[in-house]
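One structure is given here, and the rest of the page talks about it.
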Amino acid sequence: MQTDIEIAESAKVRNITEIAAQIGLSSEDLEQYGKYIAKVPLDVLNKKGMKKGKLVLVTAVTPTPAGEGKTVTTISLIQGLAKIGKKVVGALREPSMGPTFGVKGGATGGGMSQVYPMWKIDLEFTGDIHAVSAAHNLLSAVLENNLVRDNPLNIDPSRIVWKKTMDMNARELRHIVVGLGDSKLNGGVTHESGFLITSASEISAILALSTDYADLRKRLESIVVAYTYDKKPVTAGQLGCVGSMMVILRDALMPNLVQTLEGQPVFIHGFPFANIAHGNNSVIATKAAMAFGDYAVTEAGFAADLGGEKFMDIVCRQSGIRPSAVVVVASIRALMMHGGADLKNPESFTADALAKGMANLDKHVANMKGYGMPVVVSINHFYTDDPEHIAMVRSHCKDIGAECVMSDGFLKGGEGAVELAQKVVEVLEGPKPELQFCYEDGLSVKQKIESVATKIYGADGVDYSPAAEKTIAQLVDQGYGGLPVCIAKTQYSLSDNAELKGAPKGWRLNVREVNLSAGAGFIVPVCGSIMLMPGLAKEPAALKIELTDDGKIVGLK
């Protein structure tokens with residue numbers, strides 16, 4: 001079979017103006033980035049009005065390092081719904097260069113279920129991530145300059161919480177010292193700092209949650225960047241550079257329109273990671289998809305305990321968006337891994353391992369049902385899968401009261417997802433669900449953390465480091481105690497320990513530090529050993545990507 005990029009390069013696709021015309025947009029409504037990509041200005045979206053199509057959220061079981069085909073399933077579902085005659089629009093996150101050159105690769109699907117053009121989307125795209133990096137680092141530069149210029153805001157250099165950012169995996173920049181030099185004007189004020197990957201920047205979350213320019217400005221002004229010597233928060237608004245940040249982010253707030261390989265419109269916009277941020281595409285893109293389609297399909301990052309939980313408890317809470325159904329993607333190999341199989345040893349892929357690993361699927365299905373959502377389990381088919389194993393999962397889902405289908409979108413595109421599309425439509429024609437949050441706004445910060453830990457992750461309770469305890473108390477005193485929580489933890493386990501597979505019992509969530517994202521509107525408990533700046537693997541994807549002498553990209557996936 002051809003590689004993903006070979007399939008994309010040989011695809012017969014249409015000009016983006018033709019794709020836009022399908023949803024009632026003219027070429028005058030677009031800001032085009034070449035033939036196949038366009039931004040849609042916010043005033044155009046506002047003029048078109050906002051009806052509400054039915055929204056399907058796609059999430060997954062806890063994945064293997066390679067991922068379980070959640071994006072492939074999402075795109076194939078979009079294509080499958082079109083195959084059965086439905087007007088459908090997708091909404092997906094933008095890929096980050098860190099994972100693209102790291103282990104996971106890009107985030108544009110694969111095989112016959114891709115968004116186009118994958119090489120553009122996986123790399124520079126329309127510059128949204130670069131804009132967030134620039135706005136983040138401008139704020140950092142103005143903050144550092146404030147220290148040098150007589151520190152009128154009385155900022156304590158040891159309590160600067162706003163770091164630097166870049167869109168690359170670079171573990172060596174996690175902890176650094178800045179301001180080295182023979183004078184303040186030559187080197188700045190010496191203090192500890194570090195880098196986050198851009199998808200972990202609070203501005204990434206703000207961009208994804210903002211509804212318009214006024215909302216973006218308000219959120220940027222609320223960012224807490226440091227504390228004074230008398231422990232009062234210092235905001236970006238006090239530093240006076242939010243206007244410049246707004247200018248940098250002006251185009252980045254406009255959603256990007258592309259197409260699937262089969263010609264369905266997809267908005268790709270927003271890029272926060274789900275393990276260290278809230279993990280969903282922009283509110284603007286999701287609302288646009290719901291406005292232009294009778295059916296809208298969106299995807300939450302990583303598994304249902306991360307992007308899925310955060311979509312329900314953060315995105316829906318802040319935006320008023322409500323999904324009508326949830327698709328939980330599972331693969332035979334992931335379930336076997338959760339039952340003890342060794343991914344490097346095919347002989348360990350047994351029916352017994354599959355039966356044991358079903359506990360992970362059960363927990364994710366139960367969690368999504370706990371939000372009041374009807375659930376469809378979609379088995380992402382790999383050519384190596386044994387039909388008997390697929391039958392086992394179907395039978396098990398019947399036992400736990402979940403609809404279950406097999407999707408073959410990687411090999412067959414929309415045709416391979418017709419069964420999934422039909423089942424989703426069937427579920428959507430049932431009673432309208434009522435979203436039930438995991439926790440109520442009035443709970444304390446600790447009660448919110450413990451609600452997610454015990455209800456969603458299956459923990460027995462939560463343990464806090466002294467530093468986390470102190471920060472929570474300070475945030476409550478400063479008036480931030482009413483915010484929801486966005487827990488940062490490993491994506492490889494329901495727990496905060498990547499080695500614990502299945503649905504672990506008898507463990508406690510470890511909160512080592514707590515950060516405030518006041519502009520994004522949530523508190524971030526950082527758990528276990530999760531890092532806000534990833535590192536590269538021993539053999540990263542970057543070592544296998546090349547440009548030929550005739551300008552063709554190879555190795556990108």
Side-chain angles (χ1 to χ4, degrees), residues 136 139-140 142-144 146-147 151-165 174-175 178 189 191-194 196 200-203 205-206 209 218-239 242 276-278 310 313-314 317-318 439-453 461-489 496 508-532:
H136 182 114
L139 178 56
S140 176
V142 171
L143 169 61
E144 299 286 354
N146 198 277
L147 294 179
N151 197 6
L153 295 176
N154 198 35
I155 295 169
D156 180 351
S158 70
R159 299 208 65 201
I160 291 175
V161 294
W162 192 252
K163 298 185 178 182
K164 327 294 180 184
T165 192
R174 287 171 181 162
H175 305 289
V178 298
V189 173
H191 64 91
E192 292 184 12
S193 187
L196 313 170
S201 165
E202 183 179 350
I203 299 177
I206 286 172
L209 290 165
K218 181 180 178 182
R219 289 174 179 275
L220 292 175
E221 288 175 342
S222 300
I223 294 171
V224 173
V225 296
Y227 292 86
T228 63
Y229 283 107
D230 51 358
K231 300 181 180 179
K232 293 179 181 178
V234 178
T235 65
Q238 291 174 267
L239 290 171
V242 168
I276 50 182
H278 76 272
K310 293 168 184 179
D313 287 319
I314 295 175
R317 194 187 299 265
Q318 290 196 20
Y439 52 82
E440 297 304 320
D441 290 333
L443 296 183
S444 69
V445 174
K446 281 190 172 183
Q447 286 173 324
K448 291 170 186 173
I449 296 170
E450 287 159 15
S451 292
V452 176
V462 183
D463 295 324
Y464 300 87
S465 72
E469 293 268 15
K470 182 179 179 181
T471 303
I472 290 172
Q474 290 172 341
L475 292 178
V476 172
D477 288 344
Q478 292 161 4
Y480 295 111
L483 296 179
V485 295
C486 179
I487 297 178
K489 76 169 188 70
D496 58 5
R508 296 177 64 83
L509 185 72
N510 258 318
V511 178
R512 76 168 196 263
E513 63 182 90
V514 175
N515 300 323
L516 171 65
S517 292
F522 50 67
I523 290 168
V524 184
V526 181
C527 301
S529 58
I530 191 72
M531 294 292 179
L532 305 188

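Residues Ile530 and Asp496 have side chains not in contact (no heavy-atom distance under 4.5 Å, counting atoms from C-beta outward). Using a 4.5 Å heavy-atom threshold, the side chains of Arg317 and Tyr439 count as touching. Two residues are said to be in side-chain contact when any heavy atoms from C-beta on lie closer than 4.5 Å; Leu532 and Asn515 meet this criterion. Counting heavy atoms from C-beta on, the side chains of Leu516 and Leu483 come closer than 4.5 Å. Side-chain atoms of Cys527 and Val511, non-hydrogen and from C-beta on, do get closer than 4.5 Å to each other. In this structure, the side chains of Val445 and Ile523 come closer than 4.5 Å at one or more pairs of heavy atoms. Contact check for Trp162 versus His136: side-chain heavy atoms found under the 4.5 Å cut-off. In this structure the side chain of Tyr464 reaches within 4.5 angstrom of the side chain of Lys446, judged on heavy atoms.
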Dump the intermediate steps for side-chain contact (heavy atoms from CB on, under 4.5 Å) on Asp477 and Gln474, then the final yes or no. CA-CA 5 Å; Asp477 288 344; Gln474 290 172 341; 5.6 Å; no
When you look at Asn151 and Asn146, which way does the side-chain contact (heavy atoms from CB on, under 4.5 Å) test go after all the steps? CA-CA 5 Å; Asn151 197 6; Asn146 198 277; 3.8 Å; yes
Residues Leu143, Leu139; criterion side-chain contact (heavy atoms from CB on, under 4.5 Å); working and verdict: CA-CA 6 Å; Leu143 169 61; Leu139 178 56; 5.5 Å; no
Might you work through the side-chain contact (heavy atoms from CB on, under 4.5 Å) test for Val178 and His191, ending with a clear yes or no? CA-CA 6 Å; Val178 298; His191 64 91; 3.5 Å; yes
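A salt bridge is defined here as a Lys NZ or Arg NE, NH1 or NH2 lying under 4.0 Å from an Asp or Glu carboxylate O, and Glu202 with Lys163 fails to meet this definition.
Leu196 and Ser201 get closest at one heavy-atom pair: CD1-CA, 4.3 Å. Here the shortest heavy-atom pairing between Pro525 and Cys486 reads CD-O, 3.4 Å. Residues Leu209 and Ala520 come closest through the heavy atom pair CD1-O, 3.4 Å. Nearest approach of Tyr480 to Ala518, heavy atoms of both residues: CE2-CB, 3.8 Å. Nearest heavy-atom pair across Asp313 and Pro484 is O-CB, 4.2 Å. In this structure, Ile276 and Ala200 approach most closely via the heavy-atom pair CD1-CB, 3.6 Å.
In terms of modelled atom types and a separation under 3.5 Å, the side chain of Glu221 and the main chain of Lys218 share no donor-acceptor contact. Judged purely by atom type and a 3.5 angstrom limit, Lys310 uses its side chain to pair as donor or acceptor with the backbone of Ala277. Although no hydrogens or angles enter the test, the distance criterion places a donor-acceptor pair under 3.5 Å between the side chain of Lys448 and the main chain of Gly482.
For the side chain to side chain contact (heavy atoms under 4.5 Å, CB included) criterion with Val514, the lone passing option out of Thr471, Val524, Val485 is Thr471. For the side chain to side chain contact (heavy atoms under 4.5 Å, CB included) with Leu147, the qualifying choice from Ile155, Asp156, Leu153 is Ile155, the only one to do so.
Here the straight-line distance linking atom OG of Ser158 with atom OH of Tyr229 works out to 7.0 Å at 0.5 Å rounding. Here Arg174 contributes atom CZ and Met531 contributes atom CE; the two are 5.0 Å apart, rounded to the nearest 0.5 Å. A distance of 9.0 Å separates CD1 in Ile487 from CD1 in Ile314, rounded to the nearest 0.5 Å.
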